[in-house]
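We number each residue from 1, following the sequence as shown. None of the values given here were measured: they were computed from a predicted structure.
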Amino acid sequence: MIVFKKTNADLKGDKMANKVVLSCVQCGSRNYTVPASKEGSSERLELKKYCSHCKAHTVHKQTL
């Protein structure tokens, strides 16, 4: 009897990573992706991040 073990490369395809896209409030460019929270909150994520298009730290909100 032959038993095959799953490697890390095989496990990556089994589960899909949930990602959230963040877009700049000022210019609307989608600059960042972050992992989604596992708790599934209904609120949208807001973070202050650097926007390379605006060349400033601006608020980035979660997009759909």
Side-chain angles (χ1 to χ4, degrees):
M1 183 169 146
I2 299 173
V3 177
F4 292 101
K5 288 185 177 180
K6 286 191 173 185
T7 62
N8 286 342
D10 294 334
L11 293 175
K12 286 181 184 176
D14 287 346
K15 53 186 170 181
M16 194 169 163
N18 293 335
K19 293 182 183 175
V20 172
V21 179
L22 300 178
S23 64
C24 177
V25 174
Q26 300 274 331
C27 67
S29 67
R30 296 179 177 186
N31 299 331
Y32 294 99
T33 58
V34 294
S37 65
K38 300 195 186 218
E39 59 200 33
S41 66
S42 61
E43 297 177 8
R44 288 193 178 185
L45 184 64
E46 281 188 24
L47 296 173
K48 195 165 187 181
K49 304 282 269 177
Y50 181 77
C51 178
S52 58
H53 298 282
C54 298
K55 296 184 176 29
H57 285 87
T58 59
V59 175
H60 285 68
K61 286 188 179 181
Q62 177 181 345
T63 60
L64 296 176

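- One N or O on the side chain of Thr63 and one on the backbone of Val21 form a donor-acceptor pair closer than 3.5 Å.
- Rounding to the nearest 0.5 Å gives a distance of 12.5 Å between CZ of Arg30 and SG of Cys24.
- Nearest heavy-atom pair, Tyr32 versus Tyr50, reported as atom, atom and distance to 0.1 Å: OH-O, 2.7 Å.
- Applying the side chain to side chain donor-acceptor pair (under 3.5 Å) criterion to Ser29, with sequence neighbours excluded, gives Asn31.
- Using a 4.5 Å cut-off on side-chain heavy atoms (C-beta onward), Thr58 and Val25 make no contact.
- Scored by the side chain to side chain contact (heavy atoms under 4.5 Å, CB included) test, Leu47 finds Leu22, Leu45, Lys49 as partners (sequence neighbours excluded).
- Residue pairs meeting the salt bridge (Lys or Arg N to Asp or Glu O under 4.0 Å) criterion with at least one partner in residues 52-63, sequence neighbours excluded, are Glu46-Lys61.
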